[in-house]
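One structure is given below, encoded as structure tokens.
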Amino acid sequence: MQQELISGLTEPQRQAVTHMDGPILVLAGPGSGKTRVITHRVAWLITQGISPRNILAITFTNKAAREMRDRVHSLRVPRGSTICTFHSLAARLLREFADHAGLPADFSIYGDADQRTAMRESLKLCELDAKNFPPAKILTRVSGWKNKFLGPDQLDSRELDYFDKVAARLYGVYQEYLKANSALDFDDLLMRLALLLRDDPELRDHLNDRFRYVMVDEYQDTNHCQYQIARGFTVNHSNICATGDPDQSIYGWRGADIGNILAFERDYPQAVVVRLEENFRSTPEVLDLADQVIRINRQRKEKRLFTSKSSGDPCELREYYDESEEALGMAQWIAQMRKDGLQYRDIAVFYRINAMSRVLEEALRRAHIPYQIIRGTEFFKRREIRDMLAYLRLLANPSDQVALRRIINQPARGIGATTVNRLFDHSSNTGGDIWQVLQSLDQVPAINAGARAKVKKFVDMIMKLREQMGSSVERVMKLTYEWSGLAKAHAADESDDPAANVDELINSAALYDTEAEEPLLSDYLQQIALISDADAYNDQAGAVSLMTLHAAKGLEFPAVLIVGLEDGLIPHRRYGGDESDVEEERRLLFVGMTRAEDRLVLSYARNRMVHGSSQAGIISVFLRDLTGLVCNTDTADDGFDDDDDDDGYSQSDHDDVLAECAALARGQLVRHPEFGLGRVQRISNLSDNPKVVVQFNTGACKTLYLKYAHLERIDSTDF
DNA sequence: GGACTCTTGGTTTTT
DNA sequence: CCAAGAGTCC
């Protein structure tokens, strides 16, 4: 068994797997088998007689955790080790030790949308305008403070500018609001656990004793809280194995500190450092190109990536006229990959921002190419799903006002804004819990008899549901759907079938019931709250995968296309323009490129729609002066329908076209045999099969291939 | 009190 | 161009 575990590993991998006590840093390049090292290490420790209960592996996403658990299980060692993310670990421990932390055990977890609602409410309480103080921006500040363990009253107002002073005030109100709701946001989860480890030595010792071997993956992306948590877990034994790659640190913007990994050896002077530099994933061509991109960076530990994989196709760069042609080009490229023998699941397309997925999606649909967009949280943003979850949250945590506000009149049951406000006003005036107010409506004089009856009915319904909470999550959910009236409301809605989505949610609950050791509504909700985009990736689906560069981390595909390599997109335009920010963008591209096993294609468009209007773009600075990149400035021209005119183009007399093109300038008056007089707006794609955009007098604006548009040039002297 | 239209404003990236 | 919030009409 032990032999099996280490046979087939390279020497450095074996070293990392079998190292027993003391700190160890695994500096792992992309595709170097890092995941394998961790899974084998977990299994190895178990074969060395360590109880699985004493092993903790912390991953970056739930998906990574799930995969890792599966792989460890497949190594046929006893189960029971803890493999999860920082956030779910924190949530679990804070529930388990709620009394230590001074928390109710049934707290809600507020994600994105809930945080914004809570901040919006806080703004109202302070009588501030959301326009001057955008909730999202305030929340970013708050997040930064929490990451530094700074509470609202620990901020020195003398050091804050006006905006931050207001933000600091809102921070306090926001925290009060969360507290009244028995809710924690993402940052609270980490901060509370970190503080607990710092301030509760007894509990810290207990946890050090429980988790005697700790592994932290993606250490380069830990923020200060996560760093402190990792330290707190290992103060007594220093059995920490951190793995990561400074070149793949891409979350600086949300507090990740690349310094944590760079300073590991200083924090743990006895640390053994293992370097995994052999790449088992990519061809030399891909690796070489990626290295050309990353080696410009200054804040890094130099690595020599190498591979023994044999030479493959050169990497390719494609230029397109605009984003729809780029999308068309993508579809054609995928078709070509299929002809070359790849499956759809072998192919991935990456982009910098989510907004770019729309055009791509459309092109794939038209070309009948199956695809999956990796946006795990999208499903949970749907109105009907959020409504359902709000009901469940209210069942689990009666103090959850955000949930209550959402569904007290959803579906409409005659409880309007006025009534709701009166109820909440009464609750804040008397300082009582909102749910207590609802249960003793007679105490609220401002509510009239009609409203009272309606609210009473609602409260009774919730109480009846609460009685059912002992049964499976699936059953609670089904009952909620019926009794709340949502099912009835959805049945009438034939437009976008919300009932089907709720069915899907119910299925997920059923799956949870069967998989969880001890199904619990609050635990189910916690899982949902901590779900991430990357979690949606299904490697079994026979579909092309579309995702952001960030979501691509940790994955690999035989063929990869990265689109939108334009200045302003990669690197993304942003205020400041700090040197380190640009380096992070470079790392992001590096991460994307190194996902590719055999084929890597990069593309950019010279025009792109932004806010509904077309803007000119130029190639990314990151791609200038690269060697070994084959440039191909073909636009999409055949294979699929390009909405108008695309027949009969012959490859000959190319030069004539070019000459003709040169004679045309922007603003040139032309005559078209069919459309009449018009003016040239744009000429594109000079190198091959040029196109012109002509604004005709009829009002129509057409994009025409110069080759067969038969435009007649008209000089003003003709008039 | 509730549903609908209109305007506004906003774009990285996410646990 | 799209989503969310706010005003407006019934």
Side-chain angles (χ1 to χ4, degrees), chain A residues 58-65 84-91 109-113 115-117 120 123-124 129-131 134-137 139-140 143 146-147 184-191 218 221-223 225-226 249-256 323 350-359 374-378 381 383 409-422 448 450-451 454 526-536 547-553 564 568-576 581 584-585 587-589 591-592 608-614:
Chain A
I58 305 174
T59 59
F60 196 71
T61 64
N62 292 300
K63 183 190 69 84
C84 63
T85 64
F86 270 107
H87 288 268
S88 43
L89 179 69
I109 297 171
Y110 278 8
D112 247 17
Q115 287 185 48
R116 246 171 305 152
T117 326
R120 211 168 274 283
L123 280 158
K124 269 186 206 155
D129 190 352
K131 286 200 176 99
K137 213 172 160 187
L139 284 166
T140 310
S143 175
K146 285 183 179 174
N147 193 29
L184 298 182
D185 67 16
F186 287 148
D187 297 307
D188 285 332
L189 290 175
L190 299 179
M191 185 185 71
E218 310 283 11
D221 279 322
T222 51
N223 65 23
C225 283
Q226 292 165 327
S249 164
I250 54 175
Y251 286 99
W253 51 273
R254 67 170 200 212
E323 77 280 349
F350 306 150
Y351 37 81
R352 179 63 232 264
I353 61 173
N354 279 307
M356 291 170 70
S357 66
R358 216 176 212 100
V359 220
I374 314 307
R375 271 184 101 177
T377 52
E378 198 176 58
K381 287 190 179 127
R383 208 176 34 251
N409 198 34
Q410 188 63 248
R413 49 174 71 88
I415 307 175
T418 317
T419 306
V420 173
N421 285 334
R422 281 175 186 159
N448 64 41
K454 288 170 183 162
Q526 173 180 307
Q527 279 195 22
I528 299 276
L530 295 178
I531 226 157
S532 71
D533 275 356
D535 296 341
M547 67 192 87
T548 63
L549 285 162
H550 283 88
K553 183 154 93 158
L569 227 37
I570 307 176
H572 196 274
R573 65 188 126 241
R574 56 142 73 74
Y575 40 94
D581 289 348
E584 181 155 309
E585 295 286 308
R587 292 194 291 266
L588 189 55
L589 180 57
V591 167
R608 189 173 292 277
M609 287 290 234
V610 182
H611 290 330
S613 65
S614 182

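So you know, we letter chains A, B, ... as the sequences are listed, proteins then strands, and number each from 1.
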Exercise. Heavy atoms under 4.0 Å, any strand shown: does A:Asn409 hit a base, just sugar-phosphate, or nothing?
Worked result: sugar-phosphate

For this session: Quickly work out the A:Met547 CE to B:dT14 C1' distance and round it to whole Å.
Result: 15 Å

Exercise. A:Lys137 has an atom NZ; how far is it from atom P of B:dG10, in whole Å?
Worked result: 10 Å

Problem set entry | Value in whole Å for how far the P atom of B:dT13 lies from NE2 of A:His550 | 9 Å

Problem set entry | Any donor-acceptor N/O pair, A:Gln226 side chain to A:Leu190 backbone, under 3.5 Å | no

Exercise. Is it true that a side-chain atom of A:Glu323 and a backbone atom of A:Met609 form a donor plus acceptor pair closer than 3.5 Å?
Worked result: yes

Exercise. Would you say A:Thr140's side chain and A:Ala136's backbone share a donor-acceptor pair under 3.5 angstrom?
Worked result: yes

For this session: Measure from CD on A:Glu584 to P on B:dT14 and round the result to the nearest Å.
Result: 13 Å

For this session: Report the distance from atom CD of A:Glu218 to atom C1' of B:dT14, rounded to the nearest whole Å.
Result: 14 Å

Exercise. Picking from C:dC2, B:dT15, B:dT14, which would you name as closest to the side chain of A:Arg358?
Worked result: C:dC2

Exercise. Of the candidate nucleotides B:dT14, B:dT15, B:dG2, which contains the atom at the shortest distance from the side chain of A:His87?
Worked result: B:dT15

For this session: Please check the phosphate of B:dT14 (OP1 and OP2 only) for any side-chain N or O of A:Thr548 closer than 4.0 Å.
Result: yes

Problem set entry | Residue closer to the 5' end of DNA chain B, A:Arg413 versus A:Leu588 (nearest nucleotide) | A:Arg413

Problem set entry | N/O donor-acceptor pair under 3.5 Å between A:Asn147 side chain and A:Asp187 backbone | no

For this session: On the 0 to 90° scale, with breaks at 30° and 60°, tag the A:His87-A:Phe186 ring pair as parallel, tilted or perpendicular.
Result: perpendicular

Problem set entry | Closest-nucleotide 5' rank along DNA chain B - winner of A:Pro134 and A:Leu190 | A:Pro134

Exercise. Separation of A:Arg116 atom CZ from C:dA4 atom C1', in whole Å?
Worked result: 10 Å

Exercise. Do any side-chain nitrogens or oxygens of A:Arg120 fall under 4.0 Å of OP1 or OP2 in C:dG5?
Worked result: yes

Exercise. Of the nucleotides B:dT15, B:dG2, B:dT13, which one has an atom closest to the side chain of A:Arg254?
Worked result: B:dT15

Exercise. What is the distance, rounded to the nearest whole Å, between atom NZ of A:Lys63 and atom P of B:dT15?
Worked result: 11 Å

Exercise. Going by 5.5 Å between centroids and 30° between planes, is there a stack of A:Tyr251 over B:dT14?
Worked result: no

For this session: Grab the CG-P distance between A:Leu123 and C:dG5 for me, whole Å please.
Result: 12 Å

